[in-house]
Protein chains: 2
Amino acid sequence: MPEPFDLADDTFASNGDRPKSITLKDVARLAGLSPITVSRALHNPKLVKPDTIARVKEAAAAMGYIPNMLAGSLATKRSQLIAAVVPQLSNSMFAETVQGLNDELSAHGYQLLLSVSNYSRQKEDDLLTAILSRQPDGIVLTGIHHQAGVRKKLLATGVPVVEAWDLTPSPIDIAIGFSQERVGEQVARHLLDQGYRRFASICARDERANRRRLALEAELQRHDIAPVATHMATPPTVLNLGREGFRAILAAGHAPEVVVCSSDVLAHGALIEAQAQGIAVPQELAIMGFGDFDFAAFTHPPISSVHIDKRAIGVQAAVSLIAKIEGRPLAQNVIDVGFTLIERGTTHKVA
Amino acid sequence: MPEPFDLADDTFASNGDRPKSITLKDVARLAGLSPITVSRALHNPKLVKPDTIARVKEAAAAMGYIPNMLAGSLATKRSQLIAAVVPQLSNSMFAETVQGLNDELSAHGYQLLLSVSNYSRQKEDDLLTAILSRQPDGIVLTGIHHQAGVRKKLLATGVPVVEAWDLTPSPIDIAIGFSQERVGEQVARHLLDQGYRRFASICARDERANRRRLALEAELQRHDIAPVATHMATPPTVLNLGREGFRAILAAGHAPEVVVCSSDVLAHGALIEAQAQGIAVPQELAIMGFGDFDFAAFTHPPISSVHIDKRAIGVQAAVSLIAKIEGRPLAQNVIDVGFTLIERGTTHKVA
DNA sequence: CTGTTAGCGCATTCAG
DNA sequence: CTGAATGCGCTAACAG
């Protein structure tokens with residue numbers, strides 16, 4: 001532990017008295033060169049003689065020089081900044097996407113400006129204004145539905161934009177995700193194939209989750225089946241909402257054969273509630289999750305789910321954005337990362 | 001869905017051809033004023049006549065003016081940016097802290113630059129260099145142990161710094177967290193009081209988790225008790241590591257009365273594994289978690305844990321940073337957010 | 001390979 | 001209350 005009890009003095013106060021930063025010019029002086037040469041030595045070494053590069057590096061190190069990227073970005077019009085807006089961070093699938101995004105960005109020298117919209121389009125819009133003022137080189141948004149005017153505002157700036165976690169034929173710029181509708185439809189077909197007929201759902205009040213639910217119901221309709229019960233849960237999607245949701249469904253007198261949940265977290269809650277009530281899963285009740293969270297394969301029984309490569313969405317967003325920023329053409333501006341139904345212990349063949 | 005199929009044209013390409021941004025000067029011209037007056041009307045309305053403010057706002061709106069904060073920050077030396085470095089985002093307690101931090105910052109007009117260190121001090125150090133070049137107004141680090149030189153580097157810049165999730169008498173600037181040692185000690189005492197004697201632990205390879213474990217063992221020592229088994233797990237701390245860990249402990253022939261886990265996620269895994277093996281919890285095996293995650297209270301049985309106000313750490317970090325940035329003195333630069341043992345269904349009085 | 005000149009967009013002086 | 005001059009720190013463009 002270095003310098004113990006240096007508190008009194010070190011409590012260097014309000015940032016008026018910040019040490020005057022040492023600049024390129026200072027380094028240049030010490031190295032006996034012009035500022036621009038120092039700049040080049042640091043960022044464009046090919047243009048500088050090895051000797052001088054060494055001299056520069058030495059001087060910079062000696063002075064503890066830290067470049068001022070604000071100034072650099074202002075001059076180059078490249079900020080090396082990517083902004084992302086997610087609906088939520090804790091208890092969400094987005095944390096993984098953000099981590100993937102960040103990892104890939106970091107590997108390419110970009111940094112991440114992160115904002116949380118709390119599922120509010122208005123908030124997203126407001127955040128976007130603040131974000132744009134930082135001149136990001138790229139932006140990642142969640143979803144394809146935004147406040148009126150967002151599309152135009154974004155197009156006006158010309159920043160590359162990724163809309164993640166959904167698909168559309170007409171993205172603002174780039175869309176990376178999967179079809180919510182196809183998920184709902186496929187889940188319905190799969191469960192119908194297994195012989196289930198009495199469906200219930202526990203669904204988060206989330207635009208995408210709801211579209212999956214509606215697509216599932218539409219597919220059921222086509223087979224002349226209507227869901228017996230639907231329980232909506234307000235995010236954040238915590239485990240207890242799954243327990244409560246299933247309890248509510250039972251309390252209303254419904255006896256579903258299968259409960260389809262908009263998230264594995266809810267499915268897990270339903271599973272625990274069922275077990276607590278002595279209902280055998282999957283014999284008496286089947287449960288379907290979504291997202292294929294880390295824990296889904298390891299609960300007891302493991303939860304059948306829809307696998308989404310959450311991390312890949314983030315990584316792919318970074319890759320696409322960087323490609324576009326660096327002027328490389330994209331093969332496609334709508335990327336379907338797909339999904340996979342995963343049959344595990346909470347569902348089984350009935351018919 | 002606005003403007004369907006406008007893809008072909010809208011695929012505005014690589015950012016060379018970004019629309020030349022409209023500046024303060026442009027707005028000024030349209031409003032028939034000087035740039036500085038426009039600037040004041042926007043950021044310092046008190047210095048400007050109401051009429052002209054209106055005129056400015058109108059002109060700005062008409063042109064869709066978006067201020068360039070890079071330029072603004074360069075001039076003012078205030079970036080309104082707070083940088084945070086966390087070891088990990090997905091499957092971690094830090095997501096909640098980051099969300100709290102972000103919410104509070106956002107409410108005060110600050111934005112968050114987020115980086116992930118992957119539990120590497122070297123990476124943290126590297127990130128810090130990149131971060132400092134953005135001239136953040138404040139920095140949040142996780143933990144109190146950093147690469148050599150980090151402390152000095154930070155002090156040299158004079159940026160306010162919060163070290164979160166731990167405590168120390170000599171923080172770089174501000175520390176906000178709780179004592180890992182006291183957690184370990186208290187958990188040991190509590191379980192000893194309940195009559196447990198044969199302890200095992202499943203512990204993440206994480207500096208803080210390990211210090212809690214060591215403190216627990218030290219307290220056991222004082223009662224002449226040595227743990228029967230310790231299983232270390234490499235982050236990310238996913239549920240399956242808890243299952244595997246407990247399985248490994250059993251496989252090694254140990255028969256602990258209680259398993260202390262460094263995270264509720266691991267505890268949950270241990271719980272599921274125990275149940276899968278027909279071991280009754282808490283009758284035959286007690287399990288202690290850490291973190292009081294959302295799900296802990298709702299598993300079956302609910303998991304005894306140590307509650308940490310994860311979100312508060314982030315909020316408090318923001319509050320302290322902002323206070324310092326704005327020149328308000330801090331009452332204290334070491335803030336203990338404490339912790340609370342929560343007795344639930346996975347432990348019970350034996351003696 | 002290195003230097004000079006100019007300007008990125010805005011806000012801080014200081015004047016009126 | 002409004003404006004003119006100057007500079008934040010860096011790099012693009014053009015020399016040499």
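Hydrogens, waters and symmetry mates play no part in the numbers below; they use all other heavy atoms, side chains included. First the proteins, then the strands, lettered A, B, ... as listed; each starts at 1.
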(Q) Less than 4.5 Å apart, side chain to side chain, heavy atoms only: is that true for B:Val159 and B:Asp173? (A) no

Q) Heavy-atom contacts under 4.0 Å between residues 23-31 of chain A and DNA chain C, which residues? A) none

**Q.** Test side-chain contact (heavy atoms from CB on, under 4.5 Å) applied to A:Leu70 - qualifying residues, sequence neighbours left out
**A.** A:Asn68, B:Leu70, B:Ser73, B:Gln135

(Q) Are the side chains of B:Leu105 and B:Ile322 in contact, using a 4.5 Å heavy-atom criterion? (A) yes

**Q.** Nearest-0.5 Å distance that lies between atom CG in A:Asp166 and atom CD1 in A:Ile176
**A.** 12.5 Å

Q: Identify the 5'-most and 3'-most nucleotides of DNA chain D with at least one atom closer than 4.0 Å to a non-hydrogen atom of chain B.
A: D:dC1 to D:dG9

Q) Got a sec, which residues hit side-chain contact (heavy atoms from CB on, under 4.5 Å) with A:Pro87, two or more places apart in sequence or on another chain? A) A:Phe94, A:Ser117, A:Tyr119, A:Thr142, A:Arg208

**Q.** Segment of DNA chain C, first to last nucleotide, that comes within the 4.0 Å heavy-atom reach of chain B
**A.** C:dG9 to C:dT12

(Q) Show the nearest heavy-atom pair for residues A:Asp26 and A:Ser21, with the distance to one decimal. (A) OD2-O, 4.1 Å

Q: Taking the side chain as every heavy atom from C-beta outward, state whether B:Val140 and B:Leu112 have any pair of such atoms under 4.5 Å apart.
A: no

Q | Residue-level proximity of residues 34-47 of chain A to DNA chain C when a heavy atom falls under 4.0 Å | A | A:Ser34, A:Ile36, A:Thr37, A:Arg40, A:Leu47

**Q.** Candidate pair A:Arg151 and A:Ser170, rule side chain to side chain contact (heavy atoms under 4.5 Å, CB included), full reasoning
**A.** CA-CA 11 Å; A:Arg151 187 189 197 88; A:Ser170 56; 4.0 Å; yes

Q | Residue closer to the 5' end of DNA chain D, B:Leu74 versus B:Gly32 (nearest nucleotide) | A | B:Gly32

Q.
Listing request: all salt bridge (Lys or Arg N to Asp or Glu O under 4.0 Å) pairs with a residue in residues 95-118 of chain A, at least two apart in sequence or in separate chains.
A. A:Asp103-A:Arg311

Q. For A:Met69 and A:Leu81, what are the C-alpha separation, side-chain angles and deciding distance, and is it a side chain to side chain contact (heavy atoms under 4.5 Å, CB included)?
A. CA-CA 11 Å; A:Met69 236 180 145; A:Leu81 240 195; over 6 Å; no

Q: Starting at CD1 of A:Ile313, measure out to CG of A:Leu101 and round the result to the nearest 0.5 Å.
A: 11.5 Å

Q.
Test: salt bridge (Lys or Arg N to Asp or Glu O under 4.0 Å). Region: residues 105-131 of chain A. Which pairs qualify, not counting sequence neighbours?
A. A:Asp125-A:Lys153

Which pairs of donor and acceptor atoms, one on a side chain in residues 37-58 of chain A, lie under 3.5 Å apart (sequence neighbours left out)?
from, atom 1, to, atom 2, distance (Å)
A:Thr37, OG1, A:Ser34, OG, 3.1
A:Thr52, OG1, A:Lys49, O, 2.6
A:Arg55, NH1, A:Ala31, O, 2.7

Q. Can you name the residues that form a side-chain contact (heavy atoms from CB on, under 4.5 Å) with A:Ala312, not counting sequence neighbours?
A. A:Asp309

Q) Can you list, by residue number, the residues of residues 52-69 of chain B that have a non-hydrogen atom closer than 4.0 angstrom to DNA chain C? A) B:Tyr65, B:Pro67, B:Asn68

Q: May I ask you to test the B:Glu326-B:Asp137 pair for a side-chain heavy-atom distance under 4.5 Å?
A: no

Q: Let me have DNA chain C in dot-bracket notation, would you? Count Watson-Crick plus G-U wobble pairs, both distances under 3.5 Å, and use [ ] for pairs crossing earlier ones and | for inter-strand partners.
A: ||||||||||||||||

Q) Does a donor on one side chain sit under 3.5 Å from an acceptor on the other, for A:Gln147 and A:Gln122? A) yes

Q) Roughly how far, to the nearest 0.5 Å, is CG of B:Leu114 from CG of B:Asn102? A) 9.0 Å

